[in-house]
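The next block holds one structure in the form of structure tokens; read it before the comments.
All of these numbers come straight from a predicted model, not from anything done at the bench. Order of appearance sets the numbers: ligands from 1, and atoms from 1 within every ligand. The figures here come from the full heavy-atom set of this structure, side chains too, leaving out hydrogens, waters and symmetry mates. Position 1 is the first residue of the sequence, and the numbers go up from there.
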Amino acid sequence: MKYLSEFQDPQLARRLLDDIHATVTRPWAMMEVCGGQTHSIIRHGIDQLLPEQVELIHGPGCPVCVTPLEMIDKALAIAALPEVTFCSFGDMLRVPGSDRDLFRVKSAGGDVRVVYSPLDALEIARREPDRQVVFFGIGFETTAPANAMAVHQARRLGIGNFSLLVSHVRVPPAIEAVMRSPRCRVQAFLAAGHVCSVMGVEEYPALAARFGVPIVVTGFEPLDILEGIRRTVRQLERGEHRVENAYPRAVRAEGNPAALRMLGEVFEVTDRAWRGIGTIPGSGWRLAGAYREFDAEHRFGVGDLSAEEPAECRSGEVLQGLIKPRECAAFGTTCTPRTPLGATMVSSEGACAAYYLYRRLDPAATTVKEAHPVG
Ligand code: SF4
């Protein structure tokens with residue numbers, strides 16, 4: 001299939017791998033930021049084809065996984081209200097809150113609906129003016145423009161029974177938080193290509209310079225990932241720390257100007273809590289003042305709700321790349337996709353789900369490469 005199979009060509013993959021093997025002279029640890037990249041790496045066994053010295057550390061780039069427990073509980077509280085139609089993408093329905101998930105709310109009579117776009121939720125609000133229609137707006141810079149558009153349209157069309165439960169997060173502050181962690185072993189980043197297709201790359205040179213790390217914008221197919229790794233290894237071996245775009249078919253340096261304008265109009269930067277990690281300054285968006293009336297947290301009075309993460313779930317360490325999923329004692333025993341303790345086991349981009357799907361029977365794929373002293 002054009003545009004897909006051509007980026008999975010085994011001959012080209014072999015050539016890229018040969019180049020990586022020929023370039024590497026010592027141990028390096030790099031983080032792929034995006035959960036989609038993690039799944040592609042594990043699914044295609046890319047990490048197992050790399051030289052022993054190259055370690056891929058899985059990053060916090062799964063939007064469902066980093067949505068904090070308290071935000072899930074807020075969604076559950078709102079969805080259970082009799083006057084509310086709660087709309088969400090399907091992958092949020094099985095994410096566990098403190099005592100239930102959205103499926104449970106639905107089975108108990110809640111009006112919870114799966115939609116494919118925030119504009120679908122807006123259309124429900126237009127057709128059903130007696131309902132309070134709430135869309136669960138989670139995700140990184142990739143999903144934020146469409147959610148901003150829905151709120152912008154609601155205001156323009158005077159659809160007052162629509163609101164957004166906002167849990168948007170931003171990648172660059174997360175990279176900074178990873179680098180500031182005292183346990184950080186990351187020496188380079190494969191930046192998420194789809195995020196950069198919206199935001200461009202302007203925020204990255206300062207990060208690369210401040211922390212002395214190469215940042216290579218990388219796509220999602222096997223050849224994209226291998227090319228990102230190849231460029232990253234080349235920089236590391238040369239002692240460079242530049243920003244490179246290895247995904248030019250989707251990413252321009254300036255990003256998507258229309259999407260950026262919409263984000264700037266509807267959202268403003270705020271501190272945001274990340275599941276298992278804590279609050280990262282400036283790492284999220286909330287609705288700007290002119291759109292605050294569409295904020296579901298404010299409309300339904302759930303802003304003060306807080307929650308404790310379950311102690312046995314180590315997803316915070318998984319999301320920071322400090323452990324691999326199989327190092328969590330609950331992996332595959334008390335925690336499975338059917339009985340998830342954390343969102344990283346539920347989400348289609350979660351690292352625990354990736355290891356459960358593709359590696360749970362592989363005893364070699366258990367731990368981080370402690371043997372590799374890096375830095
Ligand atoms: S395996 Fe389950 S309990 Fe362990 S970190 Fe992953 S989601 Fe949490």
### Task
Could you tell me whether the side chain of Asp47 and the main chain of Leu56 form a donor-acceptor pair under 3.5 Å?
no

Taking 4.0 angstrom as the limit and counting only heavy atoms of [X], give me the atoms of ligand 1 inside it, by number and element.
| X | value |
| --- | --- |
| Gly342 | 7 (S) |
| Thr344 | 6 (Fe), 7 (S) |
| Cys335 | 1 (S), 2 (Fe), 3 (S), 7 (S) |
| Met345 | 7 (S) |

### Task
Flag the pair His194 / Phe140 as yes when their ring centroid distance falls below 6.0 Å, and as no otherwise.
no

### Task
Would you mind checking which non-hydrogen protein atom is closest to atom 8 (Fe) of ligand 1, with the distance to 0.1 Å?
Cys313 SG, 2.4 Å

### Summary
On a heavy-atom basis, the closest approach of Pro27 and Gln187 is O-OE1, 4.1 Å

### Query
Side chain or backbone of Cys328 under 4.0 Å from ligand 1, or both, or neither, by non-hydrogen atoms?
side chain

### atom 2 (Fe) of ligand 1 contact by Cys352, N, O or S atom under 2.8 Å
no

### Task
Validate the cation-pi geometry between Arg113 and Phe86: distance from NZ or CZ to the six-membered ring centre under 6.0 Å, angle to the ring axis within 45°.
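No cation-pi geometry.
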
### Query
If you draw the axis of the six-membered ring of Phe7, does the NZ or CZ of Arg249 fall within 45° of it and under 6.0 Å from the ring centre?
yes

## Note on the structure
Between the OG atom in Ser306 and the NZ atom in Lys74, the distance rounded to the nearest 0.5 Å is 8.5 Å

